[in-house]
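One structure below.
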Amino acid sequence: MSESNYSKEKKVGEGTYAVVYLGKQISTGNEIAVKEIKTSEFKDGLDMSAIREVKYLQELDHPNVINLIDIFMAYDNLNLVLEFLPTDLEVVIKDKNILFTPADIKSWMLMTLRGVYHVHRNFILHRDLKPNNLLISPEGLIKVADFGLARAVPGPREMLTSNVVTRWYRAPELLFGAKHYTYAVDVWSIGVIFAELMLRIPYLPGQDDMNQMEVTFRALGTPTDKDWPEVSSFAGYNKLQIYPPPSRDELRKRFIAATESALTLMENMLMMNPQTRWDTIQCLESEYFKELPAPTDPAEINIFAQKA
Amino acid sequence: MSAQTISGGLDEYDDNKDMCPICKTDRYLSPDLKFLVNPECYHKICENCVDRIFSLGPAQCPYKGCDKILRKNKFKTQVFDDVAVEKEVDIRKRVFNVFNKTIADFNGNLQDYNKYLEDIEEIVYNLDHGVDTEQTEEKLRTYEELNKQLILNNIERNKKDIENFSQSQQFEKDMKLKKKLLEKQIEEEDRFNKEWAKKEIVNRLMTSSGGDTSDVIEGVKNTVKLKKSSARRKLEELNRVLKNNPYFAANNVGQNNNNRKSTIPYTPFNGDRDLNQRFEVDETKYNDPLVQELEKRKDYIASGFRTDFVYERVLTEAFMGLGCVISEERV
């Protein structure tokens, strides 16, 4: 718990409430990242997301969840020492020089689901899953990161805010403003990420909150009371345009390279009704992970640009 | 091309891609015009000219300044626009027909195999660029003499591989087609069943006097469910066959032996899953009015609220600490 044990060498990023430095753990020489929270700028004390991050990361220990190594105070600033993770999935998806195979996608999905499964079994909702928050370690492991919006599963009578998750990855119940949602919101996000990995462009890019509903339902069909009981009781439901759900063939045409079981997994992760949407256990046990090709060994996924 | 056209003059006609430089026939007037080349000099000559000049036996290339003697049976259609590429591809084809070992012939020794590939490249380069042509040709011939049996074997093996591949492709294609048909059939049957159920319910409700309407509806729905069609069964069977695709398996066995290091078999949770739940909820007996009341509220149902999640969390937290002694856990 001392600042002298860590060095800050290079500033790599700055957000609204924190600055991230690259550094070394002096005792071991390991590379680390230091997230310095700007306490001084907040008169009312620490920023909420910093508290959340510390609170939940301290609890979690899993190969596919980012590791919080230490916390220390220096010059009135709170510093989080995190493991060093050089890149993230968003960078990989966007860089057209990087080629990846269906087996690589399977490996990433597997690691993401294992990480989120661990978060869920500790009764924590992540609430901000997106490619940008799935970091990749030097060994190729996916690490679920950024617990700034995470929270413990509430008691049954507590209310939740529906204004969470980056828009493109927001589940339909959140778009409707649900107050009692479950782990299913995280599964939806992973489903959208899965689609994005296969297409290499964002799957449901809404321009604003209203447009997000439009885009989501046009792609996946407007839910009705039949497949999602009481969905019409949401305030915004009546104004919606009704789109039919896509048939298997339409999905096949959209996702040309996907196998049948990959589509099954995706369909069930992107199920409109949160009650029947698969949980992480069902996803991990799905046929997709058992069939060939086997997921690539993380260490062998080449995520560095391959110039032709 | 454009640079050549701009340079103009007479050359423009000679370089014209669509005109035979010997008889000046144009593709514009005879659209069937076909060009052939001879691997001796790669000069482009139209089919008619080849027939005319070489029918009576070997003759000199009609190009000015080219003194190669050509034979009619060696003429072939040019595949690549660029003659240099065409030539290299021909040479490669010839060399690879002789040097046709695969990595399996080196017992998986990558270094030896790479050296072998490097040797081949050397030969191709020499022949292509006219470096030590005679020596290289000699090398090629001696290798062919020495390894006749091996070369023949490899040709056989390649043939078999190609055959296997096309067979498996055909098999997969057929299966996919069958699957699509079955799925369509199922869809149609489903639609038919639904309509039938609707009519049946109306009929029964009309004929039955009084009674419980929901019972009737339930009864009809059950009969529909039992009508699991033969198409559906066939589809399941097909899926099973596809999964155990004999070609797919056969192709992969060989690969696995070479590539796969002995890895841990795949498990969904990487062994990190606690299957010994400390409790079992019997929802029919477990009485929690507080939660059960929520289960009926519209906003809860629509949000995807699930009582099993609530029970799981509350009970896990209640029992988690049992049997855990803090003084022992402390490191």
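The shown structure was predicted, so the numbers you read here are calculated from the model rather than taken from an experiment. Each chain gets a letter, A, B and so on, in the order the sequences are listed, and its residues count up from 1. Reckoned from all heavy atoms, side chains included, excluding hydrogens, waters and symmetry mates.
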Considering only heavy atoms, which portion of A:Asp249 lies under 4.5 Å from any heavy atom of chain B: side chain, backbone, both, or neither? side chain
Region of B:Ile301 in contact with chain A, defined by heavy-atom distances below 4.5 Å: both
Residue A:Ile281 versus chain B: region with a heavy atom under 4.5 Å: both
d(B:Glu312 CD, A:Arg121 CZ) to nearest 0.5 Å is 11.0 Å
Expected output: side-chain B:Tyr300 to main-chain A:Tyr181 donor-acceptor under 3.5 Å: no
Counting N and O atoms only, with roles assigned by atom type, does the side chain of B:Arg313 sit under 3.5 Å from a partner on the main chain of A:Val153, one being a donor and the other an acceptor? yes
Would you mind checking if A:Arg252 and B:Glu183 are paired as a salt bridge, meaning a charged N to carboxylate O distance below 4.0 Å? yes
With a cut-off of 6.0 Å (strictly less than), are more than 12 heavy atoms of other residues, nucleotides or ligands near CG of A:Asp61? no
Spacing of CD belonging to A:Glu260 relative to NZ belonging to B:Lys176, to within rounding of 0.5 Å: 7.5 Å
As an exercise, state the distance from CD of B:Glu293 to CZ of A:Arg157, rounded to the nearest 0.5 Å. 5.0 Å
With a 6.0 Å cut-off (strictly less than), is the heavy-atom count around CG of B:Asp82, excluding the residue itself, greater than 12? yes
Part of A:Phe234 within contact of chain B (heavy atom distance under 4.5 Å): side chain
Is there side-chain contact between A:Pro274 and B:Phe305, with at least one heavy-atom pair below 4.5 Å? no
Using non-hydrogen atoms and a 4.5 Å limit, figure out which bit of A:Phe289 sits close to chain B: side chain, backbone, both or neither. both
Once you round to the nearest 0.5 Å, how far does CZ of A:Arg114 lie from OG1 of B:Thr267? 6.0 Å
Side chain / backbone / both / neither for B:Phe269 at chain A, heavy atoms under 4.5 Å: both
For atom CD of B:Glu118, decide whether the heavy atoms of other residues, nucleotides or ligands shown that lie under 6.0 angstrom number more than 12. no
If you take all heavy atoms of A:Lys179 and B:Ser303, which pair is closest and at what distance? N-OG, 3.6 Å
Tell me if the OH atom of B:Tyr125 is crowded by more than 12 foreign heavy atoms within 6.0 Å. no
Looking only at heavy atoms, what is the nearest atom pair of A:His180 and B:Asp299, with distance? NE2-OD2, 3.8 Å
Can you tell which of A:Ser232, A:Pro295, A:Pro229, A:Ala171 has the highest number of heavy-atom pairs within less than 4.5 Å of chain B? A:Pro229
Nearest non-hydrogen partners of A:Glu230 and B:Ala302, listed with the distance: O-CB, 3.4 Å
Is it the backbone or the side chain of B:Thr316 that comes under 4.5 Å from a heavy atom of chain A, or both, or neither? side chain
Of A:Ala178, A:Pro156, A:Gly155, the largest count of non-hydrogen pairs under 4.5 angstrom with chain B goes to A:Pro156
